[in-house]
Amino acid sequence: MERFMRSAAIVTLALFLTVGVTGCGSKYNDKVVGTWDWNVGGGTLVVVVNKDGTGSLKGPMGEKKITWRIQRGNNFVLNDGSKDSGFLIDSADENTIRGSDPQSPGIPIVWTRKK
């Protein structure tokens, strides 16, 4: 009986870890992939988000390569090689991503799909 309980505990732990790790992905990972227009600061940035976690920001000041990730479900984080920045995703569909920056409350972030 003790041997059975030990086996059952191991199987339960393995199942918990499998389901837990699988469930850690964000529902936004696939929705953010694409090319987006982002109207910010009186200008427009073109944001490219690749499925592999890379991308770019292109605007009046040139183009920068970035990496990206989503943390804690909806925290979209961009890294330009020197620092992280980002915003909280409020909603995302095929054509629009809406978000907010807790450091700039009241200023909406809206990305519109280019392609």
Asker: Using 0.5 Å steps for rounding, measure from the CG atom of Asn95 to the CH2 atom of Trp36.
Answerer: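 Asn95 atom CG to Trp36 atom CH2 measures 7.0 Å (nearest 0.5 Å).
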Asker: Do the non-hydrogen side-chain atoms of Asn29 and Lys27 ever get within less than 4.5 Å of each other?
Answerer: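 The answer is no, as the side chains (C-beta and beyond) never meet within the 4.5 Å cut-off.
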Asker: State, to 0.1 Å, how close Tyr28 and Asp90 come at their nearest heavy-atom pair, and which atoms those are.
Answerer: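 Looks like OH-O, 3.7 Å.
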Asker: Using side-chain heavy atoms (C-beta onward) and a distance below 4.5 Å, is Ile89 in contact with Ile97?
Answerer: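 Result yes, sub-4.5 Å side-chain heavy-atom pair found.
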Asker: Return the set of residues passing salt bridge (Lys or Arg N to Asp or Glu O under 4.0 Å) with Asp37 (not counting sequence neighbours), or none when no residue passes.
Answerer: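 Once residues adjacent in sequence are excluded, the partners of Asp37 under the salt bridge (Lys or Arg N to Asp or Glu O under 4.0 Å) criterion are Lys114.
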Asker: When clusters are formed by joining ILVMFWY residues with side-chain heavy atoms under 4.5 Å apart, either directly or through shared neighbours, do Val110 and Trp68 land in the same one?
Answerer: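 Shared cluster, no.
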Asker: Would you say the side chain of Phe76 lies within less than 4.5 Å of the side chain of Val32, judging by non-hydrogen atoms?
Answerer: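 Sidechains of Phe76 and Val32: in contact.
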Asker: Once you round to the nearest 0.5 Å, how far does NZ of Lys65 lie from CG of Asn79?
Answerer: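 Reported to 0.5 Å precision, the distance equals 14.5 Å.
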Asker: Is there a side-chain contact between Met61 and Glu63 (heavy atoms, below 4.5 Å)?
Answerer: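 No; the side chains remain at least 4.5 Å from each other.
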Asker: Under the rule for salt bridge (Lys or Arg N to Asp or Glu O under 4.0 Å), what residues qualify as partners of Asp84, not counting sequence neighbours?
Answerer: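 Asp84 satisfies salt bridge (Lys or Arg N to Asp or Glu O under 4.0 Å) with Arg69 only.
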Asker: So does Arg113 have more than 12 non-hydrogen atoms from other groups sitting under 6.0 Å from CZ?
Answerer: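 Above 12, so yes.
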Asker: Please check if the side chain of Asn74 supplies one atom and the backbone of Leu88 the other of a donor-acceptor pair under 3.5 Å.
Answerer: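 The answer is no, because no donor-acceptor pair under 3.5 Å joins these two groups.
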Asker: Quick one: CH2 on Trp111 to OG1 on Thr35, what's the gap to the nearest 0.5 Å?
Answerer: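 Reported to 0.5 Å precision, the distance equals 10.5 Å.
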Asker: Enumerate donor-acceptor pairs with a distance under 3.5 Å from any side-chain N or O in residues 46-53 to protein atoms, sequence neighbours excluded.
Answerer:
unit_1	atom_1	unit_2	atom_2	d
Asn50	ND2	Thr54	OG1	3.1
Lys51	NZ	Asp30	OD1	2.7
Asp52	OD1	Thr54	N	3.0
Asp52	OD1	Thr54	OG1	2.5

Asker: Using every non-hydrogen atom in the two residues, find where Gly59 and Leu45 come nearest and quote the distance to one decimal.
Answerer: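 Distance-wise, the nearest heavy atoms are CA-CD2, 3.7 Å.
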Asker: Determine whether Lys31 and Val33 satisfy the following criterion, side-chain contact (heavy atoms from CB on, under 4.5 Å), listing intermediate values before the conclusion.
Answerer: CA-CA 6 Å; Lys31 290 184 178 183; Val33 172; over 6 Å; no
Asker: Answer yes or no: is there an ion pair linking Asp80 with Lys64, defined by an N-O contact shorter than 4.0 Å?
Answerer: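 Yes, this pair counts.
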Asker: Could you state whether Val77 and Ile109 fall into the same hydrophobic cluster, counting links through intermediate Ile, Leu, Val, Met, Phe, Trp or Tyr residues with side-chain heavy atoms under 4.5 angstrom apart?
Answerer: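 Different clusters.
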